[in-house]
There are 2 protein chains.
Amino acid sequence: MSSQISEATTNRLSVYLRCLNELDAAGVRAVSSKTLAEQFDLNAPQIRKDLAHFGELGVRGVGYYVKDLKRQLRHILGLDRHLKVAIMGAGNLGLALADYPGFRQEGFGIAALFDNLRDKVGQQSRAGVPIYDIKELRKIARRDQIVIAVIAVPLSSAQAVVDKVVAAGIKAILNFSPGALRAPDDVKLKNVDLTVSLESLSFYLAREASGDDT
Amino acid sequence: MSSQISEATTNRLSVYLRCLNELDAAGVRAVSSKTLAEQFDLNAPQIRKDLAHFGELGVRGVGYYVKDLKRQLRHILGLDRHLKVAIMGAGNLGLALADYPGFRQEGFGIAALFDNLRDKVGQQSRAGVPIYDIKELRKIARRDQIVIAVIAVPLSSAQAVVDKVVAAGIKAILNFSPGALRAPDDVKLKNVDLTVSLESLSFYLAREASGDDT
DNA sequence: GATTGTGAATGACTTCACAGCT
DNA sequence: AGCTGTGAAGTCATTCACAATC
């Protein structure tokens with residue numbers, strides 16, 4: 001029954017939810033797909049199609065009730081339970097991510113940092129996320145019910161860390177290390193490749209500089 | 001002449017380049033699209049199409065010469081000149097990004113951090129990137145020839161900072177703050193939305209948990 | 001009257017199949 | 001023989017147009 005939902009769609013659902021939170025905070029009761037579409041540069045049928053995948057979430061002639069749709073989206077995105085996140089690597093990036101406010105919204109909780117350096121183990125991030133030895137991953141993951149791992153270790157150890165994460169039974173990974181990592185099919189691996197992002201900007205700049213129209 | 005190149009394509013070019021660097025380091029002379037394709041999960045014609053946008057980069061019957069293609073890709077991506085990057089916001093994330101090794105490869109240089117807090121201005125990151133007052137952006141950007149800005153400030157000030165970046169004549173922005181920011185059409189704005197990424201993983205987990213096949 | 005939900009049309013990207021070099 | 005470059009076919013995603021509903 002559940003026709004495959006594309007990643008592009010789920011990403012947009014997140015964006016809608018964020019927008020609904022703002023509308024709700026502003027006391028808005030209902031919103032039309034047209035109004036929503038104007039906020040980003042999407043068109044209205046796109047939004048309706050996205051939402052229609054999950055049933056008849058709107059009311060014809062009226063639009064979508066903000067509180068209602070918000071609750072539905074939270075459920076669809078699986079945000080109506082507390083999701084515990086572990087961050088692998090307590091270097092600059094790992095520590096920054098551990099305390100990143102955006103990660104604490106919407107029911108996510110950063111439960112633990114993992115590293116293999118003696119100095120770091122036993123310490124904690126500024127906001128108080130404890131740093132454990134990576135050897136304890138399996139134990140802590142089970143104890144704290146960690147379901148998502150963020151990879152913020154150097155490239156050289158990234159694959160080994162992913163393997164440990166997988167072995168600990170974690171099924172969702174957000175990877176910040178560059179390059180292609182391998183994980184079993186039943187593990188969802190999402191890459192945030194900062195080098196690729198920067199290079200894509202560089203490409204744009206290079207194009208602008210030389211001949212281009214539009 | 002320059003038929004529009006999609007973002008998906010340019011992202012793959014980055015990935016190819018990274019792979020070529022490894023092959024080159026390993027002393028490999030030439031590589032076929034088939035061999036390249038096996039590294040990631042792409043198929044060979046995809047790679048050939050991507051490269052063919054930019055001329056006849058390969059040699060029939062042989063494949064692509066590694067050093068040659070590497071140089072070509074660096075040129076296509078605009079990496080054969082030194083690109084100076086500024087990071088807006090010297091908080092946890094900004095400081096981590098300033099020292100992130102991945103940002104230093106391939107000709108990028110982090111030239112400056114900007115913040116508006118007195119304590120921070122005049123300091124520097126661990127790796128030695130100086131922190132300037134954001135009021136000096138225009139001056140420093142011109143002096144250091146900064147062409148890319150990374151937005152790592154809290155959401156509340158993100159739009160204002162983008163406006164300043166645009167006013168300083170910077171045409172490429174990598175945005176880490178959540179939500180939609182506005183910039184003129186001639187400025188390339190690329191979003192790295194960590195909340196959206198996490199929520200997309202959450203969606204996957206929610207699907208697995210309830211009914212789903214394949 | 002307004003706005004959703006949706007089949008049909010369009011457009012974009014990917015894959016295939018093979019002609020064309022080396 | 002081997003592998004690239006590319007038109008054609010196929011697949012997936014977006015946009016349109018309108019019937020169904022409130």
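Values below: all heavy atoms of this structure, side chains included; hydrogens, waters and symmetry mates excluded. Letters A, B, ... are given to chains in the order of the sequence lines, protein chains preceding strands, and every chain is numbered from 1. Computed from a predicted structure; not experimentally measured.
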Report task. Please examine the side chains of L93(A) and L97(A), heavy atoms only from C-beta on, and report whether any two atoms are closer than 4.5 Å. Result -> yes
Query raised in the report: Considering all heavy atoms of both residues, which atom of V66(B) and which atom of L23(B) are nearest to each other, and what is their separation?
Result: CG1-CB, 4.2 Å
Would you tell me if any nitrogen or oxygen in the side chain of [X] comes within less than 4.0 Å of OP1 or OP2 on [N]?
| X | N | value |
| --- | --- | --- |
| S33(B) | dT4(D) | yes |
| R60(A) | dA20(D) | no |
| R48(B) | dT14(C) | no |
| Y65(B) | dT22(C) | no |
| R12(A) | dA13(D) | no |
| N43(B) | dC16(C) | yes |

For the pair made of [atom1] in [X] and [atom2] in [N], what is the distance, rounded to whole Å?
| X | N | atom1 | atom2 | answer |
| --- | --- | --- | --- | --- |
| E7(A) | dT14(D) | CD | C1' | 17 Å |
| Q72(B) | dG5(D) | CD | P | 11 Å |
| K34(B) | dC3(D) | NZ | P | 7 Å |
| I47(A) | dT14(D) | CD1 | P | 12 Å |
| D50(B) | dT15(C) | CG | P | 10 Å |
| E38(B) | dC3(D) | CD | C1' | 14 Å |
| F54(A) | dT6(C) | CZ | P | 13 Å |
| D68(B) | dC3(D) | CG | C1' | 16 Å |

Report task. Verify the distance criterion only: is there a donor paired with an acceptor across the side chains of S32(A) and T35(A) at less than 3.5 Å? Result ->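 Per modelled atom types, S32(A) and T35(A) side chains form a pair under 3.5 Å.
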For [X], report the nucleic acid contact type (base, sugar-phosphate, nothing); a contact means any heavy atom under 4.0 Å.
| X | answer |
| --- | --- |
| L51(B) | nothing |
| S6(A) | sugar-phosphate |
| K49(A) | base |

**Report entry** Partner of L73(A) under side chain to side chain contact (heavy atoms under 4.5 Å, CB included), chosen from N21(A), L51(A), L79(A), D80(A)
**Finding:** L51(A)
Query raised in the report: Are F103(A) and F108(A) an aromatic pair by the rule of ring centers under 6.0 Å?
Result: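 For F103(A) and F108(A), the ring centres are not under 6.0 Å apart.
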Report task. Tell me which of A52(B) and P45(A) sits closer to the 5' end of DNA chain D, going by the nucleotide each one is nearest to. Result ->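 Its nearest nucleotide being more 5', the pick is A52(B).
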**Report entry** 5' precedence on DNA chain D between V31(B) and V62(A) (nearest-nucleotide basis)
**Finding:**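 Residue closer to the 5' terminus by nearest nucleotide: V31(B).
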Query - Residue closer to the 5' end of DNA chain C, Y64(A) versus T9(B) (nearest nucleotide) - result: Y64(A)
